[in-house]
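Note that this is a predicted model, so its numbers are computed, not measured.
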Amino acid sequence: MNRLKYIRITSLVLLSFILSVYSFAQDIPTVKDTTVLSDEIEEITITAFRSPYNILNTPAPINLILAQDLEAGNALTPVDALNRIPGILMHHGTFNTNRLTIRGIGSRSPYATYKIKAYFGEIPLTSGDGETTLEDLENTAIQRVEIIKGPSSSLYGAGLAGVLLFHPKTVVKDFVQNESTVASFGTFKNTLTAGVKNNNLTVYALGSVLNSDGYRDNNTTNRANVLLNSVYSFNEKSNLQLLVKGTKMKAYIPSSLDYDTFIESPESAAANWKSVEGFEEYNNAQVGLSFNRFTLNEGKISVAAFGRFRDLDELRPFNRLNEKSNYMGGRAYMQKIVSVSNSHFVLTSGVELFRENYEWQTLDNADGSLLSANNEKRQYENLFAQLESNFNDVVFLSAGVNGNLTRFIYTDRFLEDGDLSGDHNYKPVISPRIGLTVMLRDNYSVFGNVSHGFSTPTFEETLLPEGQLNTEIKPESGWNFEFGFRSELSNRFQLSASYYRIYVNNLLVARRTGEDAYIGVNAGQSVHPGLEAEFTWITITNNGLPLLTINGNVTIADYHFSDFVDLGIDYSGNNLPGTAKETWILGARLDPLKSLSVSARYRYNGKMPLDDANSKFSDSFGITGAEVKYSGRKGRVKIQLKGGIENIFDVHYASMLAVNAPSFNGVPPRYYYPGNPRNYYASILIGLIEKE
């Protein structure tokens, strides 16, 4: 079936589905809805740069994910919500195997997310070597996500791809609620949340349990999360916030498949992982404590301390891995505001300190004998300063600089093959950023942004094949150049678009030496040009309320190696593996009643090269989903019912790629993680809310 015919059929089915549900909705009794509807697009405040902006005057490439977007769909993980943002591609293999790429950066990381920075409140989600784990986050606990795309290190340090800021939910009024979700593949999730607001103290608490058999063999997952977010206000100008987050996870690993198995029996697990019943099990606890003091003229002083403990056991076909890591650190900044006539100047300066102790060892699967034992101490300091100016609410300027010093100390504790210990200090990295927005009219602006960023090598990339430290390896660094516009017409239509080019130098190449072994080399440069556009349109209103809202976005990109020679092979001009030249999303939401909504969405992903040589490509695919949701309130009781279908047309596709997968002893490379076939979910939420 060609693409045009497929899109036409998809459109007709979605239209038929929406009209049939609208007809059914006329018979549903209306109760008071908990959401305030308006026929105007809500203005959202951006706080990523510590000064409040709205989406029109923000002098940077930034996107928002709101609470209602996170809670759409099955909401089992943030993967689906992140995949709706232009420029972002979240490869999703299983509940515990994901890789986030922003504008093509990070696409060549083997199995995890690297080269971004992420924070949950003041707690870093990024380890000392740049790995970020997002799949443990609870959508219900997140108020909104602010995504800065491209290098943006003036406030957040090393993050060549960008920064994700997850804002935890706080309490407006007392409540307690429970949500239960049942989904395909034996999936069940239960989430209990409660909030208390008493005088100067607010407490938000969450507990959740997720169990799933999974679509594939050896795919069972069990996860439990707890979270506490508490704010104590000493007075109107000072508060203390405590954020605690814990996760217990055991997930079996089906791993990736070769092409023939992917086509013929995608529900299978890789034979070697299934034979040992490979799994990953860990406990993870994080805590953050911050003190905030508002000073004269709306200035601010903030001091935060954070820490994490993680203990992991992973059974693999080739060995057993045990890891223990803990980190601690702090962030502090001071913000001062000066007003001169109709202009405002905001100066922010601060520091972030990070200390991590990482221990790991590998054991023989047969007899449990020790194969390796190692320790690494990772440390960095970030000094940052930022100046923001607002000239007559017409010109908005944001400029900043970050200075980073990173080092690590490696200790080899398995001395049977010699002592390979060593340490390495990277040269200080200075990263500037400047952004400018000009309001041409109240509802139309243009912006430009130039920024520098970098990412340090992972530990595996710093080792030579014999195990010694490679002190010659350098961090990846890059410059981002971008310009675009944002507009809002009649408060019912928003449109934005931007063109960007990111130049990456000292490209880090993960050169495979085994199924789970690779080394890193600086092999050249890559260029990441792209065009992004998105819109939201309230097309039809009914008595001043939105009836039909359409939204969509598109990314057209050509991420490629500009100068890349590895082991004598010239890959210059080839596209980066794991990236698509075009992705787009089209969604619609119908609100026939205050208490009822029907939504549908189509996501298209173009073909992607599987290796640096571009010798093979994955197939393009389009996934369609739909959801019906009823929400309302009767007195103090809140109720929400929703159900939906994902992958309506049962498309066979790869939801994640193991790029540059190796082939040893004649075994074909395993590039493919199969996406879920057609699947269903339903949930019920019941809550008790404080009286108005």
Side-chain angles (χ1 to χ4, degrees), residues 1-7 10 61 63 82-92 99-109 113 115-116 147 149-150 160-162 259 478 480-484 496-504 507 524-535 552-564 570-587 601-624 651-661 671-673 675:
M1 184 183 297
N2 62 49
R3 185 185 307 172
L4 181 59
K5 185 177 180 181
Y6 178 82
I7 293 173
T10 302
N63 284 86
L82 288 167
N83 258 332
R84 298 175 209 157
I85 301 299
I88 286 184
L89 179 59
M90 188 75 167
H91 290 252
H92 176 58
R99 180 174 66 248
L100 174 69
T101 68
I102 302 180
R103 294 179 170 178
I105 296 177
S107 66
R108 302 173 72 256
S109 302
T113 295
K115 307 182 193 306
I116 71 166
I147 303 171
K149 293 182 291 191
L160 185 59
Y259 180 76
N480 177 53
F481 301 88
E482 182 166 2
F483 64 89
S496 64
S498 66
Y499 176 79
Y500 56 87
R501 292 182 73 89
I502 304 175
Y503 296 87
V504 178
L507 187 69
Q525 291 84 36
S526 63
V527 180
H528 302 244
L531 175 67
E532 297 172 1
E534 59 182 326
F535 76 93
N553 65 66
V554 61
T555 302
I556 301 173
D558 183 22
Y559 310 139
H560 61 274
F561 300 113
S562 58
D563 180 12
F564 178 25
D570 189 352
Y571 299 105
S572 302
N574 289 357
N575 290 111
L576 268 67
T579 66
K581 287 194 173 184
E582 63 279 332
T583 59
W584 55 270
I585 292 176
L586 184 63
R601 184 176 67 258
Y602 177 83
R603 179 171 72 92
Y604 174 80
N605 197 104
K607 65 179 183 179
M608 296 181 286
L610 303 178
D611 55 15
D612 293 337
N614 291 185
S615 61
K616 299 179 184 297
F617 286 79
S618 66
D619 293 332
S620 60
F621 62 87
I623 303 298
T624 308
V651 174
H652 184 55
Y653 71 104
S655 58
M656 180 171 177
L657 300 176
V659 298
N660 292 315
Y671 292 113
Y672 304 93
Y673 285 85

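- Between the side chains of Ser526 and His528, a donor-acceptor pair is found at a separation under 3.5 Å.
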- Task: Before giving the answer on side-chain contact (heavy atoms from CB on, under 4.5 Å), spell out for Arg501 and Val527 the whole-Å C-alpha distance, their side-chain angles and the decisive distance to 0.1 Å.
- Result: CA-CA 7 Å; Arg501 292 182 73 89; Val527 180; 3.5 Å; yes
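- Classification of the Tyr602-Trp584 ring pair by plane angle, with boundaries at 30° and 60°, yields tilted.
- Between His560 and Asn574, every side-chain heavy-atom pair lies at or beyond the 4.5 Å cut-off.
- By the 4.5 Å heavy-atom criterion applied to side chains, Val659 and Ser107 are not counted as neighbours.
- Annotation: the span from Lys616 atom NZ to Asp611 atom CG amounts to 8.0 Å, rounded to 0.5 Å.
- In this view, Pro609 and Asn575, Asn614, Phe617 satisfy the side-chain contact (heavy atoms from CB on, under 4.5 Å) rule, not counting sequence neighbours.
- Taking 4.5 Å as the limit, some side-chain heavy atom of Tyr672 sits within range of a side-chain heavy atom of Tyr259.
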- Query: Stepwise, does the side-chain contact (heavy atoms from CB on, under 4.5 Å) test hold for Tyr559 with Ile502?
  - Reply: CA-CA 9 Å; Tyr559 310 139; Ile502 304 175; over 6 Å; no
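- In this structure, the side chains of Ile88 and Leu100 come closer than 4.5 Å at one or more pairs of heavy atoms.
- Ala580 approaches Asn605 most closely through the heavy-atom pair CB-ND2, 3.7 Å.
- When the options Leu160, Thr579, Leu576 are evaluated for a side-chain contact (heavy atoms from CB on, under 4.5 Å) with Ile105, the one that passes is Leu160.
- For the residue pair Asn660 / Asp612, a side-chain donor-acceptor distance below 3.5 Å is found, with atom types taken as modelled.
- The CD atom of Gln525 sits 8.5 Å away from atom OG of Ser572, with the distance rounded to the nearest 0.5 Å.
- In this structure, Phe621 and Ala654 approach most closely via the heavy-atom pair CE2-O, 3.8 Å.
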- Can Thr583 and Val554 be said to form a side-chain contact (heavy atoms from CB on, under 4.5 Å), step by step? CA-CA 6 Å; Thr583 59; Val554 61; over 6 Å; no
- Message: Using the rule given for salt bridge (Lys or Arg N to Asp or Glu O under 4.0 Å), can you reason through Arg103 versus Glu482, listing the C-alpha separation, both sets of side-chain angles and the distance that settles it, and then say yes or no?
- Response: CA-CA 12 Å; Arg103 294 179 170 178; Glu482 182 166 2; 2.8 Å; yes
- Item | side-chain contact (heavy atoms from CB on, under 4.5 Å) assessment of Leu586 paired with Tyr604 | CA-CA 9 Å; Leu586 184 63; Tyr604 174 80; over 6 Å; no
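- When all heavy atoms of Arg603 and Leu89 are compared, the pair lying nearest together is NH1-CD1, 4.4 Å.
- When every heavy atom of Arg84 is checked against every heavy atom of Asn553, the shortest pair comes out as O-ND2, 2.8 Å.
- A salt bridge does not link Lys607 with Glu582: every distance from a Lys NZ or Arg NE/NH1/NH2 to an Asp or Glu carboxylate oxygen is 4.0 Å or more.
- You'll find the side chain of Phe481 reaches within 4.5 Å of the side chain of Tyr503, heavy atoms only.
- For the pairing with Pro86, the side-chain contact (heavy atoms from CB on, under 4.5 Å) check across Ile585, Ile556, Asn63 returns one residue only, Asn63.
- Distance check, rounded to the nearest 0.5 Å: CZ of Arg99 to NE2 of His91 gives 4.5 Å.
- Closest approach of Thr555 to Gly87, counting heavy atoms only: OG1-N, 2.9 Å.
- To the nearest 0.5 Å, atoms CG (Leu657) and CZ (Arg108) are separated by 13.5 Å.
- For Gly530 against Tyr499, the heavy-atom pair with the smallest separation is O-CD1, 3.3 Å.
- In this structure, Phe535 places its CZ atom where more than 12 heavy-atom neighbours from other residues, nucleotides or ligands lie under 6.0 Å away.
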